[in-house]
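Working notes for the structure below.
As the structure is a computational prediction, the values presented were derived from the model and not from experiment.
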Amino acid sequence: MMRTYNAGVKSWDVVIIGAGIIGLSLAISLRKQGLRVLVVERGEAGREASYAAAGMLVGSGKEMPPAVKPLAAESARMYPEFAHELEDESGLKVDLREQGTILVSRVADFPDSAEMISRERLQSLEPAVTLAAPAAYLGERSVDPRALTAAALKAARHRGVDISSGSEVKALLTSEDRVCGVQTDKTSYSAEIVVNCAGAWAGCIGPHKFPVRPVKGQMLAVVGGPSLQHVIRADEVYLVPRSDGRIVIGSTIEDAGYNKQTDVSTVQRLLHAAVELVPELAKAKVHDDWAGLRPGTSDELPILGETQTRGYFIASGHYRDGILLAPITAQIMTDLILGKPISHDLAAFSPARFD
């Protein structure tokens, strides 16, 4: 695909900007098709939004924009094979859990796919949940995003994907009306295809200023609490158990720019809401707390497709669904890049909607 400009200099067919789960999944998918791929990451691979996520694989829900639901449902179906492949190639476990989700809500505004459960049934499934409110069950999975991203990184390297960390892309390199590479703060890389998977930083790369903004989410994890089997989602808080005994508690939605500092009062508020839901958590110890920056857009829809600059694609703006949408995004973007038919209508996600 790309011409070798110097036999002694390594070259690539595709440069991917961003080594989160979206960029890494796409890199692996493109390598499977025989393309030479370089991933350029401004910080440490996999340590931004992917590292901070809770990992609930919510394939449906009233809070999800209707345009996203078909992608979400298909991506959720793809997840077992996606996770198994990453585990097989990396030798790492991603903690894909199949136990499902219990919804507890005083307003009882549950998705149509949820199964209402009695108080007695709730107590048999999760005895530690004592909040007196309507409850429902959803057959959703969860995954540990940190383990998932670590596995994707190792799998990508195993397949021969090159990764440059600590190198921030400042601008595209173009020739006439098409891309020919990227300029970083340290050097430049040539490629005939560039894909912007830079998450909350996707709008910072010239010349296209995509309206992607950081949406801060604060979270914490506790240890030494009750043994929860299911994800628990309530009106003010959610609890995501990990197989190693940790329970992840989240989350906030804040417009705070690129500030990733946690706030003691906010973390305590989340913990208090969790204890109200599961009183035994009062005995748990805070293991750590953190904040991540989700890539949000003005219409809360991802940006997927080729830009006005030929050869320059973007896959960003996944907001709270980046972990879930990684498999379908990798498939769609690979097909777009290779000129194959696309099984989904991407009009709602087109970069052109912001022109």
Side-chain angles (χ1 to χ4, degrees), residues 1-42 45-46 82 85-86 89-90 149 152-199 201-202 205-208 210 302-316 326-343 346 351:
M1 193 180 208
M2 178 180 172
R3 296 180 298 275
T4 302
Y5 56 90
N6 185 318
V9 177
K10 189 164 188 177
S11 60
W12 297 273
D13 300 313
V14 183
V15 169
I16 294 174
I17 307 169
I21 192 61
I22 297 294
L24 292 173
S25 301
L26 178 57
I28 292 168
S29 179
L30 292 171
R31 277 298 297 147
K32 288 181 184 177
Q33 300 298 318
L35 277 69
R36 296 163 294 175
V37 182
L38 169 67
V39 181
V40 183
E41 166 58 44
R42 62 187 298 279
F82 175 68
E85 184 175 281
L86 291 181
E89 294 197 11
S90 69
T149 308
L153 180 60
K154 191 170 180 181
R157 286 179 168 144
H158 175 74
R159 281 192 171 268
V161 172
D162 292 310
I163 298 172
S164 174
S165 298
S167 185
E168 184 176 1
V169 173
K170 294 293 191 180
L172 292 182
L173 298 176
T174 59
S175 177
E176 297 180 349
D177 64 343
R178 73 164 297 122
V179 72
C180 60
V182 298
Q183 178 68 49
T184 75
D185 53 356
K186 298 174 182 177
T187 187
S188 61
Y189 300 105
S190 297
E192 292 184 356
I193 299 291
V194 174
V195 190
N196 184 339
C197 300
W201 287 266
I205 300 163
H208 300 282
F210 300 109
I303 312 174
L304 305 171
E306 190 170 15
T307 70
Q308 290 181 329
T309 301
R310 286 189 300 148
Y312 181 41
F313 296 78
I314 180 169
S316 187
I328 192 64
T329 299
Q331 176 183 298
I332 285 172
M333 296 305 298
T334 296
D335 289 343
L336 277 175
I337 289 166
L338 296 178
K340 295 182 178 180
I342 307 300
S343 57
L346 301 182

Taking only residues two or more places apart in sequence or in another chain, which ones pass side chain to side chain contact (heavy atoms under 4.5 Å, CB included) with Gln308?
His208, Asp355
Ile314 side chain near Leu304 side chain, heavy-atom distance below 4.5 Å:
no
Which heavy atom of Lys186 sits nearest to which heavy atom of Gly166, and what is that distance?
NZ-O, 2.6 Å
Could you tell me the separation between the CG atom of Leu338 and the CG atom of Leu30, rounded to the nearest 0.5 Å?
6.5 Å
Any heavy-atom pair between the side chains of Leu26 and Val14 that's under 4.5 Å?
no
Of all heavy-atom pairs linking Leu86 and Ala152, the shortest is CD2-CA, 4.0 Å
Does Ser316 use its side chain to pair, donor to acceptor, with the backbone of Gly199 at less than 3.5 Å?
yes
May I ask you to decide whether Arg36 forms a salt bridge with Asp13, counting only side-chain N to carboxylate O separations under 4.0 Å?
yes
Rounded to the nearest 0.5 Å, how far apart are CD of Glu306 and CD1 of Ile337?
9.0 Å
What is the distance from atom CG of Leu38 to atom CD1 of Ile163, rounded to the nearest 0.5 Å?
9.0 Å
Out of Ile21, Ile22, Ile17, Val40, which residue meets the side-chain contact (heavy atoms from CB on, under 4.5 Å) rule with Cys197?
Ile22
Closest approach of Ile28 and Ala155, non-hydrogen atoms and distance?
CD1-CB, 4.0 Å
Minimal non-hydrogen separation, Pro341 against Asp335, with atom names:
O-OD2, 3.9 Å
Ser167 vs Asp185, side chain to side chain contact (heavy atoms under 4.5 Å, CB included): CA-CA, chis, key distance, verdict
CA-CA 6 Å; Ser167 185; Asp185 53 356; 3.9 Å; yes
Look only at the side chain of Arg31 and the backbone of Arg159, and say whether a donor-acceptor pair between them is shorter than 3.5 Å.
yes
Minimum side-chain heavy-atom gap Leu173-Tyr189 below 4.5 Å
no
Which atoms form the tightest heavy-atom contact between Gly46 and Thr149, and what is the distance?
CA-CG2, 3.4 Å
Trp12 and Ser190: side chain to side chain contact (heavy atoms under 4.5 Å, CB included), yes or no, with the steps?
CA-CA 7 Å; Trp12 297 273; Ser190 297; over 6 Å; no
Ser165 and Ala45 have their tightest heavy-atom pair at OG-N, 4.0 Å
Of Phe313, Phe210, Trp201, the residue whose pairing with Asn196 passes side-chain contact (heavy atoms from CB on, under 4.5 Å):
Phe210
Hey, mind stepping through Arg310 and Asp177 against salt bridge (Lys or Arg N to Asp or Glu O under 4.0 Å) and telling me if it holds?
CA-CA 6 Å; Arg310 286 189 300 148; Asp177 64 343; 2.9 Å; yes
Beyond-backbone contact of Thr174 with Thr309, side-chain heavy atoms, under 4.5 angstrom:
yes
Val195, Ile193, Thr307 screened by side-chain contact (heavy atoms from CB on, under 4.5 Å) with Tyr312, the one that passes
Thr307
To the nearest 0.5 Å, what is the distance between CG (Leu24) and CD1 (Ile16)?
8.0 Å
Check the pair Arg178 / Glu192 against side chain to side chain contact (heavy atoms under 4.5 Å, CB included), numbers first and verdict last.
CA-CA 8 Å; Arg178 73 164 297 122; Glu192 292 184 356; 4.1 Å; yes
Residues Glu89, Arg157: salt bridge by 4.0 Å N-O rule:
no
Any non-hydrogen side-chain atom of Lys340 less than 4.5 Å from a side-chain atom of Gln33?
yes
Rounded distance [0.5 Å steps], CZ in Arg42 versus OG in Ser164:
13.5 Å
Side chains of Pro207 and Leu172: does their closest heavy-atom pair fall under 4.5 Å?
yes
Pairwise distance OG(Ser29) to CD1(Ile332) - rounded to 0.5 angstrom:
11.0 Å
Quick one: which of Ile205, Val169, Thr187 gives a side-chain contact (heavy atoms from CB on, under 4.5 Å) with Val182?
Val169
